[in-house]
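Here's the structure, in structure tokens; my notes come after.
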2 protein chains.
Amino acid sequence: MNLVSYFQTIVPLSPTAQDALEALITTSTYRKNDIIQEIGSTCRTLYMVKSGCARIFYWKDGNDITEHFSFPNELIVRAESLFTGKPTSKGIQAITDTELYAIDSLVLFRLYDQHHDIERLFRILFEQEYVNTIKRIESLQFHSAKERYLELLKSTQYVQHIPLKYIASYLGITQVSLSRIRADIS
Amino acid sequence: MNLVSYFQTIVPLSPTAQDALEALITTSTYRKNDIIQEIGSTCRTLYMVKSGCARIFYWKDGNDITEHFSFPNELIVRAESLFTGKPTSKGIQAITDTELYAIDSLVLFRLYDQHHDIERLFRILFEQEYVNTIKRIESLQFHSAKERYLELLKSTQYVQHIPLKYIASYLGITQVSLSRIRADIS
DNA sequence: TTGATTATTTATCATTTGTAAAATGTTTTC
DNA sequence: GAAAACATTTTACAAATGATAAATAATCAA
């Protein structure tokens with residue numbers, strides 16, 4: 001299924017809106033570990049994962065912190081930059097070989113003016129992201145590291161392709177702690 | 001400044017959109033500790049704090065957990081219910097005597113169809129909430145409890161009116177831990 | 001105001017997680 | 001295939017946080 005067809009399952013789109021989106025969406029491919037968007041840049045492209053997986057990350061006190069993982073059919077966007085227009089200290093990196101759908105944000109925002117339905121589509125997509133983020137807070141606030149790890153394991157089989165150091169910082173713990181948890185489980 | 005004037009600072013609104021919003025917005029007042037929305041209900045009203053402060057909370061393993069605080073000029077909405085239409089295990093409670101602007105969500109969503117600018121306004125308001133939530137994750141993921149407490153103290157003077165037990169669960173720690181941190185600071 | 005209730009702090013001990021360093025395992029590159 | 005680079009686990013010890021209970025302090029309601 002192409003991306004616009006998927007969008008149609010979320011919001012009905014007029015034929016002209018469909019055409020405008022088709023014209024806007026491009027595909028790009030990345031090799032494992034490629035940087036997709038540099039730390040310090042301003043977000044001008046929205047991505048959706050077509051295949052593979054990618055992460056949003058940043059540096060904190062000399063440590064590489066993974067803030068977010070995205071898997072097929074999920075958005076990957078540095079929202080704090082997209083919505084404010086300001087540069088962000090976060091970057092996006094391919095974890096495996098990855099194919100992404102890419103959408104230029106400036107063109108998209110212009111389409112919002114002409115196509116109420118396109119603005120609605122992305123409103124809803126980001127509302128869904130917002131809800132996911134709220135669930136993540138619940139998890140960080142009151143689940144133990146072990147519970148959070150087990151949750152992540154359940155969420156997708158892709159976890160197996162992700163280096164443990166990325167998973168550890170995503171869970172808010174050290175790699176050593178994660179190793180202990182893993183030893184404890186099995 | 002009334003609420004619609006505040007909205008105009010975010011997105012220009014047509015006169016008919018302004019009128020529609022004016023007609024929709026009501027005000028309600030609550031006493032300290034009043035339940036504003038019950039745990040288990042479905043969100044059908046958006047609130048913005050006019051004065052006082054309120055919290056979103058839920059029960060987890062017999063503990064009362066505060067997920068969110070809202071202060072004047074901030075939205076307070078159980079987004080995971082508003083955007084999915086499903087009931088939520090979270091509730092809203094007044095922490096101090098509180099005045100709220102209230103907006104019926106079903107009427108609002110109908111206005112989205114008629115007024116592109118109103119949909120845009122709320123799209124942007126919730127994008128801002130989303131960005132705040134991302135910042136909160138950063139905080140929970142890689143700041144110590146002490147750092148998180150100091151951050152919260154800086155954010156608003158209203159903190160002084162909030163019982164410590166609410167603050168402790170908001171920070172993801174026990175009340176005893178928070179007491180130790182406070183003793184440590186002063 | 002007084003007694004009851006609720007909120008906060010303190011103390012003790014157990015558990016979890018962090019830090020640092022070394023050992024082991026895996027992957028990549030020549 | 002071997003060396004180098006990178007990833008994961010293990011160990012030992014330190015620091016932070018949790019659980020429980022008791023001691024104070026503050027607030028509320030008759």
Side-chain angles (χ1 to χ4, degrees), chain A residues 30-35 52-53 55 57 59-66 69 93-98 138-153 158-186, chain B residues 30-35 52-53 55 57 59-66 69 93-97 137-153 158-186:
Chain A
Y30 296 89
R31 303 289 306 279
K32 178 176 175 175
N33 294 330
D34 280 358
I35 297 298
C53 63
R55 69 183 186 120
F57 71 105
W59 288 84
K60 155 106 185 162
D61 304 333
N63 298 110
D64 173 321
I65 310 297
T66 295
F69 295 118
Q93 183 179 29
I95 294 175
T96 61
D97 290 355
T98 301
E138 231 178 283
S139 174
L140 283 168
Q141 203 179 355
F142 262 87
H143 291 181
S144 68
K146 189 174 182 172
E147 287 172 311
R148 300 202 296 277
Y149 178 63
L150 292 172
E151 264 174 64
L152 182 66
L153 276 188
Y158 280 85
V159 178
Q160 284 132 37
H161 303 294
I162 303 175
L164 285 188
K165 60 179 175 177
Y166 295 169
I167 293 178
S169 67
Y170 177 79
L171 298 175
I173 57 178
T174 61
Q175 208 175 327
V176 174
S177 257
L178 180 54
S179 250
R180 276 192 287 239
I181 288 168
R182 283 158 58 93
D184 198 52
I185 288 169
S186 53
Chain B
Y30 296 89
R31 302 291 305 278
K32 179 175 175 174
N33 294 329
D34 279 358
I35 297 298
C53 63
R55 69 184 187 120
F57 71 105
W59 288 84
K60 156 108 185 160
D61 305 332
N63 297 112
D64 173 320
I65 310 296
T66 295
F69 295 118
Q93 184 178 29
I95 294 176
T96 60
D97 291 356
I137 285 187
E138 233 178 280
S139 173
L140 282 168
Q141 204 179 356
F142 262 87
H143 291 181
S144 68
K146 189 174 182 174
E147 288 171 311
R148 300 202 297 277
Y149 178 62
L150 292 173
E151 265 174 64
L152 182 65
L153 277 187
Y158 279 84
V159 177
Q160 284 132 35
H161 302 294
I162 303 175
L164 284 189
K165 61 179 175 176
Y166 295 168
I167 294 178
S169 67
Y170 177 80
L171 298 175
I173 57 178
T174 61
Q175 207 175 327
V176 173
S177 257
L178 180 54
S179 250
R180 276 194 286 239
I181 287 169
R182 283 159 57 94
D184 200 49
I185 288 169
S186 52

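A, B, ... follow the sequence lines: proteins, then strands. Residue 1 opens every chain. This structure is a prediction, so every number in the text was calculated from the model and none was measured.
Considering only side-chain N and O atoms, B/T174 lies under 4.0 angstrom from the phosphate OP1 or OP2 of D/dG18.
What separates CZ of B/R31 from P of D/dT27 is a distance of 17 Å, to the nearest Å. Rounded to a whole Å, the CD1 atom of B/I65 is 11 Å from the P atom of D/dG18. In this structure, CD of A/E147 is placed 10 Å from P of C/dT17, rounded to the nearest angstrom. To the nearest angstrom, C1' of C/dG25 lies 13 Å from CZ of A/R182. Between the P atom of D/dA25 and the CG atom of B/L164 lies a distance of 16 Å, rounded to the nearest Å. Atom NE2 of A/H143 is separated from atom P of D/dG18 by 15 Å (rounded to the nearest Å). The distance between atom NZ of A/K32 and atom C1' of C/dT28, rounded to the nearest whole Å, is 10 Å. If you measure from atom CD of B/Q160 to atom P of D/dT27, you get 14 Å, rounded to the nearest angstrom.
The residue among A/I181 and B/L178 whose nearest nucleotide of DNA chain C is located toward the 5' end is B/L178.
Note on B/K146: nothing from the nucleic acid sits closer than 4.0 angstrom, heavy atoms only. Among the protein residues, A/S177 comes within range of the sugar-phosphate backbone only, with heavy atoms under 4.0 Å from sugar or phosphate atoms but none that close to a base. Counting any heavy atom pair closer than 4.0 Å across all strands shown, A/R180 reaches a base atom.
The A/V176 side chain lies nearest to D/dT11 when the options are D/dG18, D/dT11, D/dA7. Distances were taken from every side-chain heavy atom of B/A145 (C-beta onward) to each of D/dT10, D/dT17, C/dT10; the shortest belongs to D/dT17. The side chain of B/I173 has D/dG18 as its nearest neighbour among D/dT9, D/dG18, C/dT9.
Taking the ring centre of B/Y149 as origin, the terminal cationic atom of B/R182 falls outside the region bounded by 6.0 Å and 45° from the ring axis.
With values rounded to the nearest 0.5 angstrom, A/L178 atom CG is found 5.0 Å from A/I173 atom CD1.
Under a cut-off of 6.0 angstrom, the local environment of NZ in A/K32 is sparse, with at most 12 non-hydrogen atoms contributed by other residues, nucleotides or ligands.
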Open item on the list: Does B/H143 form a side-chain contact (heavy atoms from CB on, under 4.5 Å) with A/K60? I'd like the steps, not just the answer.
Closed with: CA-CA 10 Å; B/H143 291 181; A/K60 155 106 185 162; 3.4 Å; yes

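Between A/D184 and A/K146 a salt bridge is recorded (basic side-chain N to carboxylate O distance below 4.0 Å).
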